[in-house]
Structure formats: C-alpha cells, structure tokens
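Side chains included, hydrogens not; waters and symmetry mates left out as well; all remaining heavy atoms used. In what follows, every chain begins at residue 1, and chains take the letters A, B, ... in the order their sequences are listed.
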There are 2 protein chains.
Amino acid sequence: MVVLEISEHDVNRLFRALADSTRRDIVRRTLVTDVSVSQLADAYEMSFAAVQKHVAVLEEARLVTKESRGRERMVRANLDRIRQAQRLLDHFEELWRSRIDRLDILLAQDQSTPDEPAPPPSSLKAAT
Amino acid sequence: MVVLEISEHDVNRLFRALADSTRRDIVRRTLVTDVSVSQLADAYEMSFAAVQKHVAVLEEARLVTKESRGRERMVRANLDRIRQAQRLLDHFEELWRSRIDRLDILLAQDQSTPDEPAPPPSSLKAAT
DNA sequence: TTATCATACAATCAAATGGTTGTATTAGAG
DNA sequence: CTCTAATACAACCATTTGATTGTATGATAA
C-alpha cells in the first residue's frame with residue numbers, strides 16, 4: 001500500500017491551488033513545455049503581477065517549479081507532485097468509494113429479510 | 001465517453017469546498033449515515049454557527065444535502081455529486097496523464113540516437 | 001553603454017473566508 | 001403551555017485572496 005506522506009495542511013493548499021481556473025490552466029500549459037511567466041501573462045486578461053501571484057500559489061503548493069533561463073523564469077509543472085496529487089485523489093476516491101460500497105451493502109441488507117444469514121462482516125472496522 | 005456537464009465555476013467551488021480539513025471530514029462522516037448539524041458541531045472545536053457555515057459551503061458545492069427531520073437538519077453526502085466529482089478528478093488525471101505520457105515519449109526520443117527509426121507519432125495533436 | 005524586456009516586490013484595495021456572538025424561530029419534551 | 005434543544009440568520013471582525021499600480025533590479029540586444 002502506498003503511504004501518502006502529505007499533511008492535512010498540504011492537502012488544503014493543494015485543493016486551494018486547484019480551485020482557480022487560471023491556475024488549472026497554467027498547470028495544463030506547463031505540463032508539456034516550459035513556459036515563461038511573461039508568456040503566461042500574455043495568455044490571460046490580467047496584469048503580469050497577477051499571473052506572477054498565481055504562479056506563486058502553484059509554486060507553494062509545489063505543483064510547478066520555476067527555473068531561471070537568461071532573464072526569463074521558466075515555469076514547469078512538477079510531475080512528481082502532480083502524480084502525488086493524483087494518488088491523493090485516488091486515495092480519496094478509494095476511501096469514499098469503499099464507504100459508499102459498504103453503505104450499499106447495508107441498504108441491501110435492510111431490504112432483505114432480517115433473519116437471513118448475515119453476509120460475512122467484511123471488516124466494517126472504520127477505515128480512517 | 002462520459003460528458004462532464006460541470007462549469008468551470010462549479011469546478012472552482014468544488015475544489016474550494018474540499019480545501020478545508022473540517023469540510024472534508026464532514027463529507028467523510030456523512031457518507032454512511034445522516035448526521036445532524038449539532039452532532040457535527042459536537043465533533044469540532046468551533047462554534048455551532050461555524051459548522052453551519054461549513055455545511056453551507058458543502059451544500060453550495062452540492063457535496064451534501066440537508067433534510068429536515070423533526071427539529072433537526074440531517075446532513076447527508078450527495079453521492080451522485082461525489083461520483084461526479086470523482087469522474088471529474090479522473091478526467092483531470094487522464095488529461096494530465098496523457099500529456100505526461102506524451103512528454104515521456106518526447107524525452108525518450110531526445111535521448112535515443114537521432115537516426116533511430118522514430119517511434120509511431122502516437123498522435124501528438126494537443127488534447128484540449 | 002544604454003535602452004529595453006522580464007522579473008521581483010511593496011503598497012494598496014475590495015471582496016471573500018472563517019470565525020465569533022447575539023437574537024429569533026421552531027419543534028419536542030415535560 | 002412552557003421550557004429547552006436545534007437551527008437560522010444577522011452583524012461583526014481579522015485574515016486571506018485576487019487583483020491593481022508603481023518602483024527597483026538584472027540580463028540582453030543594439
């Protein structure tokens with residue numbers, strides 16, 4: 001099993017960083033190619049400084065990194081972090097899915113006749 | 001293919017709603033059982049009104065619904081919406097993964113000797 | 001060397017967030 | 001009917017967010 005060594009605070013920052021269309025678009029654009037901050041700024045209807053700030057938020061969430069190239073700062077998606085985020089989302093999905101599945105089982109039980117032999121408890125011990 | 005009929009604005013709200021530990025915990029708690037707002041409030045070190053607001057944020061993101069039961073308001077995770085969110089995350093994952101995969105292919109090409117037969121172009125046409 | 005382009009960073013501002021307390025309403029319990 | 005528990009909601013407050021403009025610095029091009 002994969003352990004997610006990511007703090008609650010980091011999870012908050014991660015979701016927060018993704019909760020903005022411009023920032024999601026920046027991640028998308030920087031996945032394949034490095035893009036300078038000014039190139040990004042050209043793409044949006046907002047000031048250079050505003051785009052700089054969005055990049056900074058993504059950087060704090062470690063979703064992108066910046067690298068100096070001449071006088072430019074190239075922004076690049078942090079693939080490791082993104083894969084980590086994907087695993088995190090998988091984790092939520094699994095956690096939630098398993099709860100939903102267990103709920104479905106309980107509902108099915110409720111609809112069946114009460115004296116039916118109980119299906120194997122399938123370890124209802126709370127997961128997290 | 002499944003179409004995600006969810007607006008950018010809704011995606012923002014969704015991620016925003018998930019960017020708080022308390023709110024994620026509320027979703028977790030209400031997945032299996034209905035829980036009243038006051039029961040939730042007992043679980044956290046904050047005022048009843050604060051918990052009410054968190055529930056309201058989740059409600060606006062449509063991650064939970066409220067239902068009157070006597071004088072109580074039972075909070076319940078909105079499974080349809082959660083499944084929709086999961087599909088959305090899957091969608092991001094796929095989109096990103098495919099971009100990352102294409103990038104990996106490009107990197108592999110760069111590292112190989114230039115006169116080696118180029119691997120099948122595998123449709124580098126930008127997705128989205 | 002001197003413009004100029006790309007960036008950094010500070011100050012400012014309005015709006016949103018996340019919390020509080022206080023008051024009003026409503027439904028059950030006695 | 002009266003008390004109380006559960007909720008709704010308004011007002012308020014501090015902090016953060018998302019944007020702006022202005023100024024300073026550093027690297028390149030001419």
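When the shell of 6.0 Å around CZ of B/Arg62 is examined, it contains 12 or fewer heavy atoms from other residues, nucleotides or ligands.
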(Q) Please evaluate residues A/Arg24 and B/Asn12 with respect to the criterion side-chain contact (heavy atoms from CB on, under 4.5 Å), reporting the C-alpha separation (whole Å), side-chain torsions for both, the decisive distance (0.1 Å), and the verdict. (A) CA-CA 10 Å; A/Arg24 286 195 302 276; B/Asn12 293 351; 2.8 Å; yes
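Distances from the side chain of B/Arg71 to the nucleotides C/dA29, C/dG18, C/dC5 place C/dA29 closest.
Nucleotide D/dA27 holds its P atom 17 Å from the CE atom of A/Met74, rounded to whole Å. At whole-Å resolution of the value, CZ in B/Arg13 and P in C/dT17 are 11 Å apart. For the pair B/His9 NE2 and C/dA16 P, the computed distance is 10 Å after rounding to whole Å. The interatomic distance linking A/Glu72 (CD) with D/dA29 (C1') rounds to 13 Å, in whole Å. Taking atom CG of B/Leu58 as the reference point, atom C1' of C/dG18 lies 14 Å away to the nearest angstrom.
Listed by first and then second residue, the salt bridge (Lys or Arg N to Asp or Glu O under 4.0 Å) pairs that reach into residues 36-58 of chain A come to none, sequence neighbours excluded.
Using a 4.0 Å cutoff on non-hydrogen atoms, no part of residues 34-45 of chain A comes near DNA chain D. Shown for residues 46-54 of chain A: residues whose heavy atoms fall under 4.0 angstrom of DNA chain D, namely A/Met46, A/Ser47, A/Ala49, A/Ala50, A/Lys53, A/His54.
Under 4.0 angstrom from either OP1 or OP2 of D/dA8 there lies at least one side-chain N or O belonging to B/Arg73. Within the structure, a side-chain polar atom (N or O) of B/Arg23 is placed less than 4.0 Å from OP1 or OP2 of C/dG18.
Between B/His54 and B/Leu40 the shortest side-chain heavy-atom distance does not fall below 4.5 Å. At least one side-chain heavy atom of B/Arg29 sits less than 4.5 Å from a side-chain heavy atom of B/Asp25. Side-chain contact check for A/Arg81 versus A/Leu58: every heavy-atom pair is 4.5 Å or farther apart.
Nearest-nucleotide assignment on DNA chain D puts the 5′-proximal partner with B/Lys66, out of B/Lys66 and A/Arg69.
Between the A/Arg23 side chain and the A/Leu18 main chain, no donor and acceptor come within less than 3.5 Å of each other.
No side-chain N or O of B/Arg73 forms a donor-acceptor pair with one of B/Ser36 less than 3.5 Å apart.
Scanning both residues, B/Ala77 and B/Ile82, for their nearest heavy atoms gives CB-CD1, 3.8 Å.
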